[in-house]
Every structure is written in C-alpha cells, then in structure tokens.
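Read through the structure below, which is laid out as structure tokens, and then see the notes.
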Amino acid sequence: MFKQVVALALMAFPQALAHGGVLSIAIGNTWYNGWAPYDSPTGQTTIIRPWSSYNPIQDATDPTLSCNDDGTSGALQLTAPITAGEKITAYWNQVWPHPYGPMLVYMAQCPGTTCTGVNSDTLSWFKIDESGLINGTIYDGFWGDGLMIADNSSWTTTIPSTIPNGPYLIRFETIALHSLPAQLYPECAQLMVTGGGSLAPTTAELVKFPGAYSNTDPGLTVDIYSNAAQTETTYPIPGPPLYGSNGVTSTPASPSGPSSTSSVPTTSISSSAPSSTPTGPVVPEYGQCGGIGFTGSTTCASPFKCNVVNAYYSQCY
Ligand SMILES: *[C@@H]1O[C@H](CO)[C@@H](O)[C@H](O)[C@H]1NC(C)=O
Ligand SMILES: *[C@@H]1O[C@H](CO)[C@@H](O)[C@H](O)[C@H]1NC(C)=O
Ligand SMILES: [Cu+2]
C-alpha cells in the first residue's frame, strides 16, 4: 500500500526524476505552453507535438526518435506562425540536470499545407543548429548542454532565412553523455514559415529519424570518463552536416589548420585561439563565429557578417 502511494506521487511529480523535455516555446513575445505528457491527451491544444515520457531514448533505432512519441498528432494540434530569420526558444524543465553532451536542432518540411496529421517518422529532417564540446576536454569540458542550462535551461535558435516557405516541424534535441547508452531527449513543434527563401536542403543534409544516428556513432558512444577523454578536445556531433554547409561535415580544426582539403566552408568545433589574421576555415551562414569560450574561426563565409547574439554566442548571417 505504501509503495503504491509512493509510485503515485512519482507519477504526479515526474519532474522529481532527473529527466524531462521541452515544456514550452517562445517566439518573439508569444509564449506557447507545451504538451503535458503526464496529463490525458484529450483536449490538449499546443504547438508542441504530443510526447509521452520524461525518460530518455537510449537506442538510435528507437521508433519514437523523431518526436518522442509514435509520430502522430491529434486534430487539436496547433501551428505557430514564424518568419524566416526569426528566433525561437525552447524551454526545458528547470534546472536541466545533464550538462555533458551536445544540443541539436532540426527542421523538416511537411508535404501539403499543414503538418497536422503528418507522421513525423515519414519526414526528411535537416539540421539547423548544433553545439557540441565548446571548450576543454571530453572529460571535464564545457558543452552545448551546459550552455543550455546556463541560459535558463533554454535554447534559442534562428530559423534560417533561406528555407522555403511552408509548414515545418522543428525538433529540439539535447543529448546527455554522463552515462551510456547516451540519453536522447527530442521534442517537436509545428511551425508555418513565411518570408523564407529558396535554398532547399541538399540530399546530403536530409535524414530520417530513426536513421540519422547509429548506435555506433562516436558521438553517442564516447565514454567521457575514460583516460582518452581526459586529453581529447574534439567531439564529433552526431547527425548530418548543417543545412547550408554544402554537404560538408563539421570538421574540427587542428592547430596546423583545417584537416579538410575541401575549398567549401567548414565549421570549426574546437581549434587553437584565433589569431589577429585568421587563416582557419571560414564559418558558413548560421555557424558560430564567437562568444565566451569559443575558440574556433571568427571569419564568416562571404557575404555574411559575424553578429553577437549573446555573450556566449555570435553567429554568421
Ligand atoms: C526562465 O524560464 C522559465 C520557463 O522555464 C520562464 O518562465 C522564465 O521567464 C525564464 N526566465 C528568464 C529570465 O528568461
Ligand atoms: C568554457 O566556456 C564557458 C562558457 O562559455 C566559460 O564559462 C568557461 O570559463 C570556459 N572554460 C575554459 C577553460 O575556457
Ligand atoms: Cu535525466
């Protein structure tokens, strides 16, 4: 009997567990309350796609990996309007407990005029934002997840100004590496993008969920407590190359320069401190080009300029 009471109390207060998800979203001054996974789905109206558990997904082939549920949406599903180039912020339950691992944001365009009723498992996703190991080593460094926690357990990203108009899902994901298998926490929201451009993602940039990750990805299997981790300063972020990167995977720069011989822009994850005359790789549109602790290239690909977003993040656009 007592055990039952305890179990009920845990169900009523799932935030007592060290897990969670995206509870709300803000676009400009508009606040959108999220889906409540522990309430009855009946009658819930929100831009966030239904999701069902605070528990992490720990298998890259899990069928719920797209939006942390079976991929469907109900008839009451809402869609938020957003202008290409506008910022959107996702808020996790506070204080998010997992500071070691990357932050990732994906989008997927829906066929037709709305995403409502479209199964998220059928869509092709492209990555618009990522933040991996920001400084230090895999063992004791500062990660995108730490930045999310420092920023009020929230993550702000910019809808690329170049994506075509239309209905999209946006997928915010935080990955925690403090234990293995890695813990994946994705949630999705429905958007209607206007004011966009005409740069469709390339085939190399598009992935399915599940499909984008594998259980052998170095970025999902790294043991942050290993001896090797204590000296390793680069971390391969899982998933496809960033949208707009011309299909080139983010390449960590080495002290002697970019390891890629390609002439197309690459994103620096970690490198030696920028000199006054940077000769490293140029950062593509929407890539990071500055911020506290950032040591990568500060040179944006032409014609983009490096703009301060906040103290921790400057971006090329
Ligand atoms: C921090 O996030 C919460 C939602 O989790 C929000 O209500 C609050 O306004 C945020 N605080 C600031 C300073 O942005
Ligand atoms: C790493 O980056 C964080 C946030 O940008 C900063 O607070 C911290 O001092 C940096 N640590 C080192 C060793 O550079
Ligand atoms: Cu957790």
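We count ligands from 1, going down the list as the structure has it; atoms in each ligand are counted the same way.
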Item to complete: Just need the protein heavy atom nearest to atom 4 (C) of ligand 2, so name the residue and atom and give the distance.
Response: Phe142 CE2, 3.4 Å
Item to complete: Answer yes or no: is there a donor N or O on one side and an acceptor on the other, between the side chain of Gln58 and the main chain of Pro181, under 3.5 Å?
Response: yes
Worksheet entry | Apex the Cu ion (ligand 3) - arms NE2 from His98 and ND1 from His19 - angle rounded to 10° | 160°
Discussion item. Is there a polar contact, in the sense of an N or O pair closer than 3.5 Å, between Asn152 and ligand 1?
Written reply: yes
Worksheet item: To the nearest 0.5 Å, how far apart are OG1 in Thr231 and CG in Asn227?
Response: 8.5 Å
Practice prompt. Inspect cysteines Cys300 and Cys316 and report if their side-chain SG atoms are under 2.5 angstrom from one another.
Written response: yes
Discussion item. Protein non-hydrogen atoms only, distance under 4.0 Å: does atom 2 (O) of ligand 1 have such a neighbour?
Written reply: yes
Worksheet item: For residues Asn152 and Ser154, is any side-chain donor paired with an opposing acceptor at under 3.5 Å?
Response: no
Discussion item. Looking at the Cu ion (ligand 3), is there an N, O or S atom belonging to Tyr185 that lies under 2.8 Å away from it?
Written reply: yes
Worksheet item: Do the two ring centres, one from Tyr91 and one from Trp31, sit under 6.0 Å apart?
Response: yes
Response to the item:
ligand 2 atoms nearer than 4.0 angstrom to some heavy atom of Asn135 are 1 (C), 2 (O), 3 (C), 8 (C), 10 (C), 11 (N), 12 (C), 14 (O)
Discussion item. Tell me whether the Cu ion (ligand 3) has Ala18 as a neighbour, meaning an N, O or S atom of it below 2.8 Å.
Written reply: yes
Worksheet entry | Geometric N/O contact Tyr91 with ligand 1, under 3.5 angstrom | no
Worksheet item: With a cut-off of 4.0 Å, which atoms of ligand 1 are near a heavy atom of Gln94?
Response: 1 (C), 2 (O), 3 (C), 5 (O)
Worksheet item: So, Cys110 with Cys115, SGs under 2.5 angstrom?
Response: yes
